[in-house]
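Remember, it's a predicted structure, so these values are computed and weren't measured experimentally.
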Amino acid sequence: MDDPAEDFASPAPVFDGHNDLPWALRQDFGYDIAAAALDAPQPRLHTDIPRLKAGRVGAQFWSVFVPSTLSPEHSVVATLEQIDCVHRLASTHPDVFELAETAADVRASASRGRIASLLGMEGGHSIAGSLGTLRAMRQLGVRYLTLTHNDDISWACSATGAAREAGEDFGLTAFGREVVAEMNRIGMIVDLSHVSERTMHDALDATSAPVLFSHSSARAVCGHPRNVPDGVLERLPDNGGVLMVTFVPKFLSEACRAYAWDLREKRRELGLPVGFHDTAPDEDPHAASEFAAWQAAHPAPAATVDDVVRHLEHAREVVGPRHLGLGGDFDGTPDLPVGMDGVAGYAPLLESLADRGWSRADLDALSWANAMRVLEAADS
């Protein structure tokens with residue numbers, strides 16, 4: 001098959017695996033897309049149109065994420081609101097964004113100079129245990145499902161859930177394998193970011209189609225459980241899947257990972273909430289003040305573009321250049337590596353890799369062609 005990147009002038013555009021802009025638009029702007037003023041630099045976000053253009057983004061999986069702490073019925077409603085947000089984003093800026101589902105759609109959007117906008121659902125809680133809901137989400141254009149988010153669900157173990165913390169990684173249940181089989185049947189990509197190591201292996205055993213890790217890095221370089229161990233990476237060539245390396249500092253740097261752990265334990269010690277939000281309107285003001293003082297006395301270390309490079313170079317040694325991609329997790333993390341200006345940050349990363357001897361073919365595979373191959377496989 002011809003390399004899809006050959007359809008465009010070199011270098012290839014970026015096809016990113018995960019951006020949480022829809023949730024940021026909900027949290028910061030109440031879904032008022034006009035108020036977000038994305039056509040100008042938007043310092044409250046990692047994502048705006050000028051930086052998307054500077055980063056040469058040609059296709060984006062927008063995460064239609066909702067927290068796994070929501071009840072099942074509220075998870076489904078909130079996911080539908082997130083899908084609606086992406087539709088309204090495209091209709092508000094039709095000269096920039098174009099809704100896409102298939103690889104052919106992505107190519108057509110890129111040929112018109114639009115950013116192909118695809119939907120990725122982050123967490124199996126969003127289907128509320130229902131294969132019918134899974135199928136309905138696919139009919140609404142969702143192209144991947146991340147099997148879990150931060151918490152376990154009844155049919156899949158998370159990398160950061162209670163079961164794994166208790167040393168009881170249960171992987172995929174029989175229903176979880178049914179979900180994977182149905183995803184294969186309806187052309188929804190299995191995303192294994194966020195899941196436990198056993199769930200990764202169980203899903204790779206169950207799937208008949210290539211998988212994505214939409215926003216994960218290499219555990220051999222940074223030992224965070226959200227990252228992918230080499231024993232799983234080694235299975236990607238046979239599966240045809242892709243690791244889309246992410247830019248979250250605590251997944252990139254051991255110093256950042258250790259700091260995030262210390263921060264979490266300090267919050268627990270003070271009785272403050274720990275989890276996705278890490279804030280609550282009714283939290284103890286004295287404890288919150290004490291935590292702020294602790295943070296001031298313990299400044300966070302920083303990750304750098306070089307840390308991202310280390311993950312990519314390690315993963316390339318394990319799986320080769322045809323099984324790597326980019327999944328920034330922009331607007332899904334409070335901090336970014338030094339030298340990355342939001343979604344404009346792909347440019348310095350790709351330049352750094354070129355300086356280290358990555359060929360144009362390998363860079364184009366990383367930024368575009370590998371993700372396209374997984375999408376094409378799901379289309380077929």
Side-chain angles (χ1 to χ4, degrees), residues 4-5 7-8 12-25 33 38 47 49 52 55-66 79-94 96-123 126-127 134-147 183-184 186-193 209-215 241-242 244 246 325-332 343 346 367-380:
D7 292 347
F8 307 101
V14 171
F15 190 158
D16 181 86
H18 194 90
N19 184 308
D20 277 298
L21 177 63
W23 185 256
L25 290 171
I33 294 171
L38 295 176
T47 307
I49 292 168
L52 285 165
R56 300 195 71 254
V57 178
Q60 179 67 66
F61 275 112
W62 300 108
S63 174
V64 290
F65 160 81
V66 301
T79 302
L80 294 172
E81 291 172 346
Q82 288 274 279
I83 292 170
D84 173 69
C85 176
V86 176
H87 279 256
R88 290 190 298 109
L89 177 67
S91 63
T92 302
H93 301 284
V96 177
F97 304 109
E98 192 166 87
L99 294 171
E101 287 191 40
T102 67
D105 293 341
V106 171
R107 287 196 190 88
S109 294
S111 71
R112 289 190 284 268
R114 307 290 194 269
I115 296 171
S117 295
L118 303 97
L119 302 172
M121 195 160 51
E122 188 175 17
S126 287
I127 68 167
L134 177 75
R135 289 187 287 269
M137 293 298 187
R138 176 66 191 90
Q139 290 167 358
L140 291 173
V142 174
R143 287 313 312 261
Y144 75 59
L145 171 65
T146 317
L147 299 186
M183 290 174 68
N184 291 162
I186 63 178
M188 189 181 285
I189 299 165
V190 176
D191 176 21
L192 298 181
S193 284
V211 303
L212 287 178
F213 289 87
S214 68
H215 58 308
V242 171
M244 308 187 88
T246 195
L326 301 172
D329 205 9
F330 291 116
D331 286 305
V343 292
Y346 306 101
S367 64
W368 182 264
N370 295 339
M372 285 291 287
R373 187 186 68 247
V374 173
L375 183 60
E376 286 174 328
D379 289 343
S380 62

[atom2] on [Y] to [atom1] on [X], rounded to 0.5 Å:
{"X": "Leu119", "Y": "Leu99", "atom1": "CG", "atom2": "CG", "answer": "7.0 Å"}
{"X": "Leu25", "Y": "Trp62", "atom1": "CG", "atom2": "CH2", "answer": "8.5 Å"}
{"X": "Ile83", "Y": "Leu80", "atom1": "CD1", "atom2": "CG", "answer": "5.5 Å"}
{"X": "Phe97", "Y": "Ser109", "atom1": "CZ", "atom2": "OG", "answer": "12.0 Å"}

Kindly indicate whether the side chain of [X], heavy atoms from C-beta on, has any atom under 4.5 Å from the side chain of [Y].
{"X": "Leu38", "Y": "Leu52", "answer": "no"}
{"X": "Phe330", "Y": "Leu21", "answer": "no"}
{"X": "Met121", "Y": "Gln82", "answer": "no"}
{"X": "Arg373", "Y": "Val242", "answer": "yes"}
{"X": "Asp20", "Y": "Asp329", "answer": "yes"}

message: Could you work out, with ring pair (Phe, Tyr, Trp, His ring centres under 6.0 Å) as the rule, every residue matching His18, not counting sequence neighbours?
response: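 Result, ring pair (Phe, Tyr, Trp, His ring centres under 6.0 Å) vs His18: His215.
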- prompt: How would you list, by chain and number, every residue that makes a ring pair (Phe, Tyr, Trp, His ring centres under 6.0 Å) with Phe15, sequence neighbours excluded?
  reply: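 Checked Phe15 against ring pair (Phe, Tyr, Trp, His ring centres under 6.0 Å); matches are Phe61, Trp368.
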For [X] and [Y], which heavy atoms make the closest approach, and how far apart are they?
{"X": "Thr92", "Y": "Arg88", "answer": "OG1-O, 2.7 Å"}
{"X": "Gly123", "Y": "Leu145", "answer": "O-CD1, 3.5 Å"}
{"X": "Ser367", "Y": "Pro13", "answer": "OG-O, 3.3 Å"}
{"X": "Asn19", "Y": "Pro22", "answer": "O-CD, 3.8 Å"}
{"X": "Ile33", "Y": "Cys85", "answer": "CD1-O, 3.6 Å"}
{"X": "Leu118", "Y": "Ala59", "answer": "CD1-CB, 4.5 Å"}

Got a donor-acceptor contact below 3.5 angstrom from the [X] side chain to the [Y] backbone?
{"X": "Asn370", "Y": "Gly325", "value": "no"}
{"X": "Ser193", "Y": "Ser214", "value": "yes"}
{"X": "Tyr144", "Y": "Gly17", "value": "yes"}
{"X": "Arg143", "Y": "Gly187", "value": "yes"}
{"X": "Asp191", "Y": "Gly120", "value": "no"}

task: Kindly state each residue pair satisfying salt bridge (charged side-chain N to carboxylate O under 4.0 Å, His left out) with at least one member in residues 111-122, sequence neighbours excluded.
output: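 Only Glu98-Arg112 qualify under salt bridge (charged side-chain N to carboxylate O under 4.0 Å, His left out).
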task: Applying side-chain hydrogen bond (donor to acceptor under 3.5 Å, both in side chains), name anything that partners Asn184, two or more places apart in sequence or on another chain.
output: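 With sequence neighbours excluded, Asn184 shows a side-chain hydrogen bond (donor to acceptor under 3.5 Å, both in side chains) to Thr207, Ser208, given in chain and number order.
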task: Go through the structure and list residues passing side-chain hydrogen bond (donor to acceptor under 3.5 Å, both in side chains) with Thr246, not counting sequence neighbours.
output: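 Counting only residues at least two positions away or on another chain, Thr246 forms no side-chain hydrogen bond (donor to acceptor under 3.5 Å, both in side chains).
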Residues Met183, Leu147; criterion side-chain contact (heavy atoms from CB on, under 4.5 Å); working and verdict: CA-CA 11 Å; Met183 290 174 68; Leu147 299 186; 4.0 Å; yes
Between side-chain atoms of residues 134-141 and protein atoms elsewhere (two or more places apart, or another chain), which donor-acceptor pairs fall under 3.5 Å?
residue	atom	partner	partner atom	Å
Arg135	NH1	Glu182	OE2	3.0
Arg138	NE	Ile186	O	3.2
Arg138	NH1	Glu101	OE1	3.0

